[in-house]
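Note sheet for the following structure.
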Amino acid sequence: MKSTDAPESANQYRQSESLSQTGIVVFGATGSVGISTLDVVARHPEKFRVVALTAFSQVERMVELCKIHQPEYVVMVDSNAAELLHKALSQTGLSINVLSGPQGLEKVAILPQAEYVMAAIVGAAGLVPTLAAAKAGKRILLANKEALVMSGSIFMNAVRENNAQLLPIDSEHNAIFQCMPALSESEKQANGSLSDLGISRILLTASGGPFRKTALNELDSITPDQACAHPVWSMGRKISVDSATMMNKGLEVIEACWLFETRPEFIQVVIHPQSVIHSMVEYVDGSVLAQLGNPDMRTPIAHALAWPERIESGVDRLNIFDIASLEFEKPDFNRFPCLKLAIEAGEQGGTAPTILNAANEIAVDAFLNGGLSFPGIARVVESTLETMTTTDVDSLETILRVDSEARQVAEESINSIKMRVH
Ligand code: NAD
Ligand code: MG
């Protein structure tokens, strides 16, 4: 028997199906987080529909993703890549709008048919399009921590003023979010701070990266491939280097301060090499709540996609009997100077995190291209912070200007290091 509201035709069926699906835009679709996101999305075709995919220049990978996910729009930021993609897609018979440049990213960020935006572009390039999504009131699944670190107050104001939802994808922040009381909007307004919620501390875990035990005098000769060989997580090259220097954890301290409205003093970084506990929240009564799971980004991604519900993510269940032991250590700032620099920049506030982030992006890029040693990354970040004067953050223009100045200062610092070496 046909129910009264059963669809009459295939076309009508597709229409009613698309009404019940949530549209999603995936920024950075060809990257590590982007691919994990599409994996989770593809497990739930009844719930999600891919509206747009974006990448910098990886044409072949994007063609494959288009065949599988059939988005309405694709953005290739590089215009030559956009042309090549357009040609390649015309041979597949798929009808997909190909856009290019940063303006293409901003356009898909605000498409009305997409309620969710996965922000998984690496680095500062993600800021403007993610901000556009916030201004359009989307649910933002935030992986791109650099965007929040460099523009904290501007970004959070845009989220608040436009009733956007911000859900953390970074596994630690997603874990902290899961360990906090679930509050309605009005309860959030009434409880101003973490202390009001009975929270005494956040314990932010870190794997310690591949050089946790390496002799300090061997760090000079570390190669990019060694730095990118993370012991636990498989990630893009930039975040892998950040994990090796622990700049990643420093950026995450600043990220946590914005997301959970707190200060660096409230956050203890804990090295936990097994990466089974993704972070913890300590309460005044002595309770410590932790979120555990296999280290696979599909768990936080599925959590943020489905929140406040839960969906299957494809991640293997954690076998509690296989975990032989869990270790915890205090981080050593001598070994990880980038962590110290980031925490200090977070404490200083204003444009200090913007300068830190820009200098780090330039230094990591130089290291990956063979133009700087591994310990040189911290030196460049430190000298850029020392050279530049920090100011208050009053507008996006200020952020973008400071970001660009810091990049120049960092380049000069790298050149002067090279002159000293040769
Ligand atoms: P990745 O290098 O694997 O992918 C980056 C993506 O961004 C690619 O699709 C690339 O085409 C795109 N991109 C690069 N430069 C661009 C530009 N200038 N303009 C537009 N698009 C550009 O990186 P990833 O490991 O997936 O990380 C993405 C973000 O997520 C980073 O901010 C990282 O810190 C954060 N993150 C990653 C992980 C992880 O497990 N990989 C975990 C937590 C947070
Ligand atoms: Mg993380």
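Because the structure is a prediction, the values reported are computed rather than measured. Below, each value reflects all heavy atoms present in this structure, side chains not excepted, and no hydrogens, waters or symmetry copies.
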Tabulate below the donor-acceptor pairs under 3.5 Å that side-chain atoms of residues 256-268 make, not counting sequence neighbours, or state none.
unit_1, atom_1, unit_2, atom_2, d
R263, NE, E265, OE1, 3.3
R263, NH2, E347, O, 3.4

H272 to I277 - nearest heavy-atom pair and separation: NE2-N, 3.0 Å

Residues F27, V108; criterion side chain to side chain contact (heavy atoms under 4.5 Å, CB included); working and verdict: CA-CA 9 Å; F27 283 146; V108 298; 3.8 Å; yes

Side-chain donor/acceptor of N162 to backbone N/O of A164, under 3.5 Å: no

Least distance between heavy atoms, V40 atom then S313 atom: CG2-O, 4.0 Å

CD1-CG distance between I96 and L85, expressed to the nearest 0.5 angstrom: 8.0 Å

T214 and L219, any side-chain heavy atoms less than 4.5 Å apart: yes

Point-to-point distance, once rounded to the nearest 0.5 Å, from CG of L305 to OG1 of T37: 7.0 Å

Pairwise side-chain contact, L89 with C66, heavy-atom cut-off 4.5 Å (strictly under): yes

Worked check of side chain to side chain contact (heavy atoms under 4.5 Å, CB included) between T398 and D392: CA-CA 9 Å; T398 303; D392 286 343; over 6 Å; no

Listed once per pair and sorted, the salt bridge (Lys or Arg N to Asp or Glu O under 4.0 Å) pairs that draw on residues 361-373, sequence neighbours left out: E361-R407

Gap separating the CG atom of L204 from the CD1 atom of I271, nearest 0.5 angstrom: 11.0 Å

Heavy-atom donor-acceptor pair, K138 side chain to A132 backbone, under 3.5 Å: no

CA sep, side-chain torsions, deciding dist, call: L127, L400, side chain to side chain contact (heavy atoms under 4.5 Å, CB included): CA-CA 10 Å; L127 172 60; L400 297 176; 4.3 Å; yes

Test item: T205 side-chain N/O and H278 main-chain N/O as donor-acceptor pair under 3.5 Å: yes

Straight-line distance of L99 CG to S79 OG, nearest 0.5 Å: 12.5 Å

Within-4.5 Å side-chain heavy-atom neighbours: Q291 and T299: yes

Electrostatic pair E72-R49, nearest N-O below 4.0 angstrom: yes

Side chain N144, main chain G123, donor-acceptor under 3.5 Å: yes

Lys/Arg-Asp/Glu bridge criterion (N-O < 4.0 Å) met for K67, E60: no

Closest non-hydrogen atom pair, V75 against G104: CG2-O, 3.6 Å

Shortest non-hydrogen separation from I121 to G126 and the atoms involved: CG2-N, 3.7 Å

CZ on F211 to CE on M246, rounded to 0.5 Å: 13.5 Å

Pairing residues for H86 by the side-chain hydrogen bond (donor to acceptor under 3.5 Å, both in side chains) criterion, not counting sequence neighbours: none

OG1 on T54 to CE on M62, rounded to 0.5 Å: 6.0 Å

Side chain H69, main chain A42, donor-acceptor under 3.5 Å: no

P273 versus V232, closest heavy-atom pair with distance: O-CG2, 3.6 Å

Check: Q226 main-chain N/O paired with T223 side-chain donor or acceptor under 3.5 Å: yes

Side chain S287, main chain Y283, donor-acceptor under 3.5 Å: no

Side-chain touch V50/I68, heavy atoms, less than 4.5 angstrom: no

Flag if over 12 foreign heavy atoms under 6.0 Å of CD, E327: yes

Over all atoms of both residues, closest heavy-atom pair of P129 and L105: CB-CB, 3.8 Å

E83 vs K87, salt bridge (Lys or Arg N to Asp or Glu O under 4.0 Å): CA-CA, chis, key distance, verdict: CA-CA 6 Å; E83 256 177 58; K87 272 192 205 136; 5.1 Å; no

Under 3.5 Å: donor-acceptor pair, side chain of T30, backbone of Q58: no

Heavy-atom donor-acceptor pair, N157 side chain to I154 backbone, under 3.5 Å: no

Heavy-atom check, side chain of R237 versus side chain of V122, under 4.5 Å: no

Validation row: L197, I199 side chains within 4.5 angstrom (heavy atoms): yes

Show me the donor-acceptor pairs within less than 3.5 Å that the side chains of residues 372-384 make with the rest of the protein, sequence neighbours left out.
unit_1, atom_1, unit_2, atom_2, d
S373, OG, G376, N, 3.1
S383, OG, S413, OG, 3.0
T384, OG1, V380, O, 2.7

Using atom types as modelled, flag every donor-acceptor pair under 3.5 Å from a side chain in residues 336-344 to any protein atom, sequence neighbours excluded.
unit_1, atom_1, unit_2, atom_2, d
K340, NZ, E344, OE2, 3.2

Exam field: side chain H230 to backbone W233, donor-acceptor pair closer than 3.5 Å: yes

Exceeds 12 heavy-atom contacts within 6.0 angstrom, atom CD1 of I35: yes

F367 side chain reached by T245 side chain, heavy atoms, under 4.5 Å: no

I254 side chain reached by L356 side chain, heavy atoms, under 4.5 Å: yes

Audit row: H44, E312, side chain to side chain contact (heavy atoms under 4.5 Å, CB included) steps and yes/no: CA-CA 9 Å; H44 303 280; E312 176 64 45; 4.1 Å; yes

Could you give the side-chain donor-acceptor pairs of residues 167-182 under 3.5 Å, partners two or more places apart or in another chain?
unit_1, atom_1, unit_2, atom_2, d
D170, OD1, K145, NZ, 3.3
D170, OD2, K145, NZ, 2.8
E172, OE2, K249, NZ, 2.9
H173, ND1, E255, OE1, 3.4
H173, NE2, E252, O, 2.9
H173, NE2, E255, OE1, 3.3
N174, OD1, Q178, NE2, 2.7
N174, ND2, P168, O, 2.9
N174, ND2, H303, ND1, 3.0
Q178, OE1, R310, NH1, 3.1
Q178, OE1, R310, NH2, 2.9

Side chain to side chain contact (heavy atoms under 4.5 Å, CB included) partner of I239, the single match among N248, V364, L251: N248

